[in-house]
Amino acid sequence: MMTLFLVLAVLTAMVVGAVLAVRRFGVDDETSGGAVSVVVAPCVLALYLASAAMGVVIGWEQFTGAEDGVTDEAGAAESLYWSTTAFPDEEAEAVRERLRAYMTTVIEEDWPRMADSGELSPEGEEALADLAASVRTLSVSDTGDGLDRLTARQELAELSDARIERANAAGDGIPPVLNAIAVLSAIAVAVLPFAMIRRGSAVAYFWASANLVFVFATIVLLLTLGNPYNGALAHDAGGMQEALAGFDRTDMAVDAR
């Protein structure tokens, strides 16, 4: 809702500014000494381009980083599920049950909360703690000397680290100061062409309007990027759902032995 309000406010400011520029605040190079067209306009344009480009780059890097993190987390979960096949049935089943519960909690509790508030759910923390307790109590397998247990604990550590990275990514976003600079400079870039129209030709108004639409579109993109889990490039929980489906395939492979 706040994003929609900001988008509408920016559009209103651009349109109202364009109307006022045409009717009352036109720029005359003779009376301004050419300062607006020679100094002010290029500076504002450069500020707008730089801030908009930085915002898009930051948003894209956050998106790709979150994508890698989700892939790593799903991979760590699948590896841990596979590693339980080396342990006694009761212990292995306990870990698998808690791992399934954790991944289900991530999908059903974490993802909505990340989208709404940029935070992870306490239910996910509790599910991870239960999973960690089951891994810590694993005994040495019949065929190993403790290496299997160490491997499971390392995979649990990777899963925990991936959760921390996801928590950090959920709190990411384009810095508000950068967005503010982009919005203010964009309004000026959208309005100035209207203020510089001298004869009011249809062609001049057309290109000034096209410039306003383009600039407004870039600001809409910046304001809707959000964090990697709730914006225009939001990740869904598909990777985690695939991991859960992988658990079923693992069970089938083990049963087929």
Side-chain angles (χ1 to χ4, degrees), residues 1-4 7 55-85 92-135 151-174 220-255:
M1 184 62 68
M2 179 61 69
T3 300
L4 178 60
V7 168
V56 171
V57 169
I58 290 173
W60 180 253
E61 288 183 346
Q62 291 173 349
F63 170 80
T64 55
E67 183 178 35
D68 293 340
V70 170
T71 301
D72 292 342
E73 187 171 6
E78 291 185 358
S79 296
L80 178 58
Y81 200 88
W82 262 111
S83 68
T84 60
T85 60
E93 182 60 30
V95 174
R96 288 195 289 267
E97 181 180 345
R98 286 176 173 79
L99 182 53
R100 281 182 177 274
Y102 170 70
M103 296 298 285
T104 301
T105 303
V106 166
I107 296 169
E108 296 179 354
E109 302 293 339
D110 276 357
W111 238 264
R113 195 177 184 93
M114 290 189 299
D116 292 339
S117 60
E119 299 176 349
L120 271 59
S121 67
E123 293 84 357
E125 293 293 339
E126 294 175 3
L128 182 62
D130 292 340
L131 172 61
S134 66
V135 172
T151 299
R153 291 181 177 180
Q154 289 175 337
E155 289 160 350
L156 174 65
E158 292 176 3
L159 187 65
S160 179
D161 290 342
R163 179 177 177 82
I164 293 173
E165 292 179 4
R166 179 157 52 83
N168 293 334
D172 286 340
I174 301 174
V220 170
L221 174 62
L222 284 179
L223 294 179
T224 56
L225 281 177
N227 70 49
Y229 302 103
N230 70 356
L233 300 176
H235 289 289
D236 58 23
M240 300 304 177
Q241 292 168 341
E242 283 293 325
L244 274 175
F247 296 168
D248 295 332
R249 292 191 293 270
T250 299
D251 290 340
M252 293 176 61
V254 172
D255 293 340

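- Minimum heavy-atom separation, Ala170 to Leu120: CB-CD1, 4.4 Å.
- To the nearest 0.5 Å, the span separating CG on Asn230 from CH2 on Trp111 amounts to 12.5 Å.
- A donor atom on one side chain and an acceptor atom on the other are found under 3.5 Å apart for Arg96 and Thr84.
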Problem set entry | Test log, rule side-chain contact (heavy atoms from CB on, under 4.5 Å), inputs Tyr102 and Asp130 | CA-CA 9 Å; Tyr102 170 70; Asp130 292 340; over 6 Å; no
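- Atom CD of residue Gln241 and atom CG of residue Asp236 lie 7.0 Å apart, to the nearest 0.5 angstrom.
- Within the 4.5 Å cutoff, no side-chain heavy atoms of Glu73 are placed close to those of Ser160.
- Across every non-hydrogen atom of Ala115 and Tyr229, the tightest pair is CB-O, 3.6 Å.
- Rounded to the nearest 0.5 angstrom, Leu244 CG and Ile107 CD1 are separated by 4.5 Å.
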Problem set entry | side-chain contact (heavy atoms from CB on, under 4.5 Å) between Leu159 and Leu99, worked out | CA-CA 10 Å; Leu159 187 65; Leu99 182 53; 4.0 Å; yes
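- Checked by atom type, the side-chain pair Ser83/Glu155 shows a donor-acceptor distance below 3.5 Å.
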Problem set entry | side-chain contact (heavy atoms from CB on, under 4.5 Å) assessment of Met114 paired with Arg166 | CA-CA 9 Å; Met114 290 189 299; Arg166 179 157 52 83; 3.7 Å; yes
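- The shortest distance between side-chain heavy atoms of Glu165 and Val70 does not fall below 4.5 Å.
- For the pair Val220 and Thr224, the tightest heavy-atom approach, listed with the atom from each and the gap, is O-OG1, 2.7 Å.
- Listed here is the closest heavy atom pair of Pro228 and Ala169: CD-O, 3.1 Å.
- Taking every heavy atom of both residues into account, Gln62 and Gly226 meet most closely at OE1-O, 4.5 Å.
- Atom CD of Glu78 and atom CH2 of Trp82 lie 10.5 Å apart (nearest 0.5 Å).
- Distance check, rounded to the nearest 0.5 Å: CD of Glu67 to NE2 of His235 gives 5.0 Å.
- Atom-to-atom distance recorded for Met240:CE and Met103:CE is 5.0 Å, nearest 0.5 angstrom.
- Shortest non-hydrogen contact noted between Val56 and Leu222 is N-CD2, 3.6 Å.
- Note on Asp72 versus Arg163: no salt bridge recorded, every NZ/NE/NH1/NH2 to OD/OE distance being 4.0 Å or above.
- A distance-only check finds a donor-acceptor pair linking the side chain of Asp110 to the backbone of Ser121 [under 3.5 Å].
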Exercise. Given Leu131 and Leu80, is the side-chain contact (heavy atoms from CB on, under 4.5 Å) satisfied, shown in steps?
Worked result: CA-CA 11 Å; Leu131 172 61; Leu80 178 58; 4.2 Å; yes
